[in-house]
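In this text, all values refer to a predicted model and were calculated from it rather than measured experimentally.
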Amino acid sequence: MALNPASIGNDMLKAAVTTAGDQWNMIKSVATIQIKNLARHLTDIARGVADGSLEAIDGKQLTAMAKNNAIAAIAMLTELVAAAIQKIINAALSAVKQAINAAAGIALL
């Protein structure tokens, strides 16, 4: 399954905006950059696992690191606490979970 990072990023942003609600304006600039970066990382990881250039365990570890890096960056540069940001990122990841996992051929998310 071919993944388009821009499309994945847009799906993630829609879910993040909905989940963040009134808090979105506080984190919009930083979160948008981080979510788009996370989308690129996820698509690269899924492709790597799918084509065998990454082992499944490495793909899972890289996925967790990418998610944690996005949460940490947004928390560091905004007024929201990590728990609130984790909820927003989890919603963004849930929006693309099926597409990423299908492309990778394993459960990355």
Side-chain angles (χ1 to χ4, degrees):
M1 175 182 194
L3 290 177
N4 178 326
S7 177
I8 294 292
N10 288 336
D11 290 345
M12 292 174 71
L13 280 170
K14 287 176 193 172
V17 169
T18 299
T19 303
D22 293 340
Q23 297 172 324
W24 181 250
N25 286 334
M26 248 193 311
I27 64 169
K28 181 180 180 178
S29 60
V30 174
T32 299
I33 292 167
Q34 291 302 316
I35 289 171
K36 287 181 179 182
N37 284 338
L38 182 55
R40 282 190 295 275
H41 287 293
L42 290 174
T43 55
D44 288 345
I45 293 165
R47 286 183 189 129
V49 171
D51 71 16
S53 62
L54 281 175
E55 296 291 328
I57 188 72
D58 296 331
K60 289 180 180 188
Q61 289 175 340
L62 288 169
T63 298
M65 287 174 28
K67 174 186 170 184
N68 291 335
N69 287 342
I71 291 168
I74 296 167
M76 185 172 57
L77 298 171
T78 68
E79 296 176 17
L80 285 184
V81 296
I85 295 164
Q86 185 170 0
K87 180 180 175 184
I88 293 165
I89 294 295
N90 284 343
L93 293 173
S94 290
V96 298
K97 180 179 180 175
Q98 187 175 14
I100 294 293
N101 289 347
I106 65 165
L108 286 176
L109 298 174

Original post:
Closest heavy-atom contact between Leu3 and Ala99?
Top reply: CD2-O, 3.7 Å

**OP:** Identify, with sequence neighbours excluded, every residue that meets side-chain hydrogen bond (donor to acceptor under 3.5 Å, both in side chains) alongside Lys67.
**Re:** Asn90

Original post:
Can you name the residues that form a side-chain hydrogen bond (donor to acceptor under 3.5 Å, both in side chains) with Asn37, not counting sequence neighbours?
Top reply: Arg40

Subject >> Shortest non-hydrogen contact between Ala92 and Ala16, atoms and distance >> reply: CB-CB, 4.4 Å

For residues 53-64, tabulate all N or O donor-acceptor pairs below 3.5 Å that involve a side-chain atom, not counting sequence neighbours.
from  : atom 1 : to    : atom 2 : distance (Å)
Ser53 : OG     : Gly48 : O      : 3.4
Ser53 : OG     : Asp51 : OD1    : 2.7
Thr63 : OG1    : Gly59 : O      : 2.7

Less than 3.5 Å apart, which donor and acceptor atoms pair up between the side chains of residues 17-34 and the rest of the protein, not counting sequence neighbours?
from  : atom 1 : to    : atom 2 : distance (Å)
Thr18 : OG1    : Lys14 : O      : 3.0
Thr19 : OG1    : Ala15 : O      : 2.9
Thr32 : OG1    : Lys28 : O      : 2.7

**OP:** Would you please name every residue forming a side-chain hydrogen bond (donor to acceptor under 3.5 Å, both in side chains) with Asp11, sequence neighbours left out?
**Re:** none

Original post:
When rounded to the nearest 0.5 angstrom, what is the spacing between CD1 in Ile35 and CG in Asn10?
Top reply: 11.0 Å

Original post:
At what distance, to the nearest 0.5 angstrom, does CD1 of Ile89 lie from CG of Asn68?
Top reply: 10.5 Å

Original post:
Going from CD1 on Ile100 to CG on Leu93, what distance comes out if it is rounded to the nearest 0.5 angstrom?
Top reply: 9.0 Å

Please tabulate, for side-chain N and O atoms in residues 76-83, each donor-acceptor pair with protein atoms closer than 3.5 Å (sequence neighbours left out).
from  : atom 1 : to    : atom 2 : distance (Å)
Thr78 : OG1    : Ile74 : O      : 2.7
Thr78 : OG1    : Leu80 : N      : 3.4

Subject >> Ser94: partners by side-chain hydrogen bond (donor to acceptor under 3.5 Å, both in side chains), with sequence neighbours left out >> reply: none

Subject >> With sequence neighbours excluded, residues passing side chain to side chain contact (heavy atoms under 4.5 Å, CB included) with Asn101 >> reply: Lys97, Ala107, Leu108, Leu109

